[in-house]
Amino acid sequence: MKVRLIIMLKQGVLDPQGKAINHALHNLSFQEVQDVRVGRVIDLEVTETSPEKAKARATEMAQQLLANGVIEDFQVEVLA
Amino acid sequence: MKVRLIIMLKQGVLDPQGKAINHALHNLSFQEVQDVRVGRVIDLEVTETSPEKAKARATEMAQQLLANGVIEDFQVEVLA
Amino acid sequence: MKIGIVVFPGTNRERDMVIAFERVTGFTPQIIWHRETALPQLDMVVLPGGFSYGDYLRCGAMAAHSPIMREIQAFAQKGGYIMGVCNGFQILTEANLLPGALLPNASLRFLSRDCHLRIERNDTAFTQGWKQGDIFRTATAHGDGNYFCDAEGLKRLEGEGQVVFRYASPNGEIDPSNSDFNPNGSINAIAGIVDQTGRICGMMPHPEDMVDPLMGSEDGKPLFQGIMETLTR
Amino acid sequence: MSKAQLIVNEELGKEFGLSSDEYAKVLTIMGRTPSLTELGIFSVMWSEHCSYKSSRAWLRNLPTKAPWVIHGPGENAGVVDIGQGLAAIFKMESHNHPSFIEPYQGAATGVGGILRDVFTMGARPVANLNALRFGSPDHPATRHIVDGVVRGIGGYGNCVGVPTVGGEVNFHASYNGNPLVNAMNVGVARQDRIFLSAAAGIGNPVIYVGSKTGRDGIHGATMASAEFDKDAASKRPTVQVGDPFVEKLLIEACLELMATDAIVAIQDMGAAGLTSSAVEMAGKGGVGIELNLDHVPQREEHMTAYEMMLSESQERMLMVLRPDRTDLAKEIFEKWELDFAIIGHLTDTGHIVIKHHGQTEADIPLEPLADEAPLYHRPTAPSPKPEPLGAIDVDVSIEQSLIKLLGCADLASRSWIWDQYDSTIGGQTVYRPGQADAAIIRVDGTNIGLALTTDCTPRYCAADAYQGGAQAVAEAWRNITATGAKPLAVTDNLNFGNPEKPEVMGQIVAAIEGMKDACNALDFPVVSGNVSLYNETRDANGENVSVLPTPAIGALGVIDDVSKTIGNVFKADYDLVVIGATKGELGQTLWLREILGKETGNPPQVDLQAERRNGDFVREQIANGVIEACHDVSDGGLLVAAAEMAMAGNVGCTLDVPEVGMRPEAYWFGEDQARYLVMTSQKDALLQAAKAQDIPVRFIGCTGGDSLVMPSGAVTTIARMKAASKSFFEKLMKV
Ligand SMILES: Nc1ncnc2c1ncn2[C@@H]1O[C@H](COP(=O)(O)OP(=O)(O)O)[C@@H](O)[C@H]1O
Ligand SMILES: [Mg+2]
């Protein structure tokens, strides 16, 4: 079973990368871009076969290690 | 309109970060984890209102700048 | 000899490069601001180290897609010499002027320490100051120097002799799996390459910080001597 | 959301950190109930961090003057003359609490903040140092904090392109919940182009440059601020995120502008951001200031005046410009793609006036805000004397003890840390970490060398704060001396616990007293510094325990010809001489702690006359070319000093003088001060010169081989020592 974590900076936390990328996209004439936020994806291949359980475990992993709760939020998605 | 790019290392490109996380998760007794791959999410807020067009433009952005075709694959998703 | 050193926002080793050229060759390079729309008359363009655009996104990616790079591509087409060191190497790969990519160091940490390089061929402008097989000490300072290319690309690189610098032990042994000698985990311990013409060179370490005995070594001097010999010939 | 819901009264004042007396003072000054924004301004300006209310009375005792001091405390950083019309500008500052909350960003923004203090005065930053204190190696959080802090310091310093060339690290359980992260920066400027913060010129424009303002780091008034903005999910983090890329642009843009005549005054926005920078600039200049917050570049929507005034968003500066130069300035900042906004002007009212959306949000007279800032003479109590040294009973051999010491937390190789810091960028680094007692940087374009170090031995301070304070200064002075440079001046970072506890206040006062005496005796004035109080860790019983008293000293020395500096690395076939008297003091030594498990006795006593005499002699002999490598004897004592020099040079030594009149452990591991282990090829000349000046010296052996050979004949290989020395961080940081 494959589980995906999407980890993004919390709303309001400065995202220097997003800012710089936004700027670079404008320089490349992608004027329609208004805002860019950058985050991390972590794809986990797990032996667990129940989607609920897999999701619960991935949430634990995010809380314990993978996301930095002080500045980041995360979402869990079961992919397959 | 919000578009999300998910950028992952190509199959076959070594992902030391994924490996390190895998290891760390095992140390925390998440034994069910078999493989970890780490990638980047880029959320774009664009003025474009047609989902097809937004997707096409985001694809261009990825090809031109946001993903490195030598080592990375990407997916585009329209979020809202 | 006319050398132009390109400065992007976040470039920070341009001064080191100027000092090295002045000290070793007596020529003073000119600094070229990235917003310039045309290159002056030059023999060589140097992309120095640093954190262009903060190295956000991927190292060198945003610089590689900035307007001045079109000029630099054209300069390459016309047969100009280009050298990219550290961030400059990353920019050259991102701009497809050199093959491959630079991934995060195998240790996943920034590494600032001396290493040894072996000269793999000495018939390029960048290496003719050495003999083939020479070993020299140089500084490294990067977080993403782990050279990668796919199997086919690697075969081509090695087959065509495009690898010019390789990480080595102080005695010249090559062992890609030994992190003491191949500090960032590069494939085949590749530290620097040239393109097929031999006129474009990229390397991760910093010979420009090794041209003064006061700073611990003059091992980097032959790089600049070789460049001068080629360009003033 | 409406501000009206928050009623300003004494209660709210308390939440904002103002005592009843302080709140009453605010009422007197204002003659009315302050607005929320005004209360915020008072609370941050009168915070410990900005007002130094607990320490100010004592800091005044520190010597701050010398013929080479150009600007002492009071400016953004200290400024000293280094010759040829140049000045070194330097300061150290703490980011302790943020580094516990979020180690990476806390440490990174600490580096960013101290850089701004230095380049705001017109200097190009040339070197970073960092003094770090972490919790016990076996504490579960330590590894994570070490990892984040080191990455953060490297991440910021490497990106801005300033080499990180030195520092120090200790581990102790008192730092478990409160690491100390003290960052130091050194810059170089022309003496005739130094920029100060005193505003001048009624009507002159006030300019904001750098990054946009967000709601970062609005704590001081923490809870309260969340309340009046309900929808923003009260969980808004107060952590500031650093953007070293923008900082690099800001450095270049400011230095470019500083080459013109546009700037009247300039000040970085540090703690308490816009508030402290505006108040200080106007206050120092004796003028009034009016800001219109509508013009402040904002990253988030619907920010209130209160939030903007208290935001600690990073990478921002405030300037007063000549009115006819604003266009020029704008052009420069636009070139560097930074925000630039005229947000106000200077007035003759003597007030700070804050306008927002057409309303006056604050109107405070500046003079009383500064002059009536609280100043406390808090009660002090002496610290308990350390337990007596006690009987010494050992069955561990000297060689085994050495190996154990080399692998202990406080002595093990720090290369795991410094390998992650770019120490060579700039091409001016003559001695990197581990190569000399102080880092040596050449001043670009000259032969001038700067010698830089940070030092403090917290366990000495805990045992005797006076001796510890003096020792920290003496060790810094010694480290600079050991390179051949002349020690010039000090910056300090006083890290202590809660000053409302009399014993803690007693430590503060005693440590400052010790520093003062040492600075006076060594002609080593304090030119800048920072105080960080309320550093406490909650122990297993839920009690708050103070961190070990940690008055970290950063110091700078100079030498006209940098090629005359020396390192602390053995080469083969030299003689070894110890300069300074060895009495064998074992109290509070690492040997005692690591081998006997005891932390007892008095710390080694600092004899300032001996320090001065021995140090001046060493410097003279280095200048004469008689001493060719030198290492001060400190943590771990004489044998550890020899081992460190051997490991650094991959060259061993044979020690052939048996210890005299004391037990061998005392001779080899005692931490008596004012000593140097030096390498010479002119032994006789050295011994004779020392004799002539009445300096205690002793020939103790020769360099060579691949091992350390004791007088007993016992052999310890360098490989074995290195393995022990490396093992600590390898084990601590193993994934
Ligand atoms: N946090 C750090 N960052 C960079 N260098 C460090 C750090 N900590 C220690 N070092 C370096 O390690 C070496 C040994 O440090 P230390 O044992 O404190 O020296 P000493 O006791 O001789 O003053 C010095 O060169 C010092 O600058
Ligand atoms: Mg030190």
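Residue numbering restarts at 1 for every chain, and letters A, B, ... go by the order of the sequence lines.
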Can you tell which part of [X] gets under 4.5 Å to a heavy atom of chain A, answering side chain, backbone, both or neither?
X	value
B:Ser29	backbone
B:Met8	side chain
B:Leu66	side chain

Interatomic spacing from CD1 in B:Ile21 to CG in A:Asp43 - rounded to 0.5 Å: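 One finds 11.0 Å between CD1 of B:Ile21 and CG of A:Asp43.
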
Between CG on residue B:Leu28 and CD on residue A:Gln64, distance to nearest 0.5 Å: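 It comes to 5.5 Å.
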
Please identify, among [options], the residue contributing the most non-hydrogen atom pairs under 4.5 Å to chain A.
options	result
B:Glu48, B:Met61, B:Arg40	B:Met61
B:Ile42, B:Val46, B:Val41	B:Val41
B:Gln31, B:Lys2, B:Arg4, B:Met1	B:Arg4

Taking the side chain as C-beta and beyond, is there a heavy-atom pair between [X] and [Y] under 4.5 Å?
X	Y	answer
B:Gln34	A:Thr47	yes
B:Leu25	A:Leu65	yes
B:Glu45	A:Val33	no

Checking an interface table here. Which of residues 50-60 of chain A come within a heavy-atom distance under 4.5 Å of chain B?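 Only A:Arg57, A:Glu60 of residues 50-60 of chain A have a heavy atom under 4.5 Å from chain B.
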
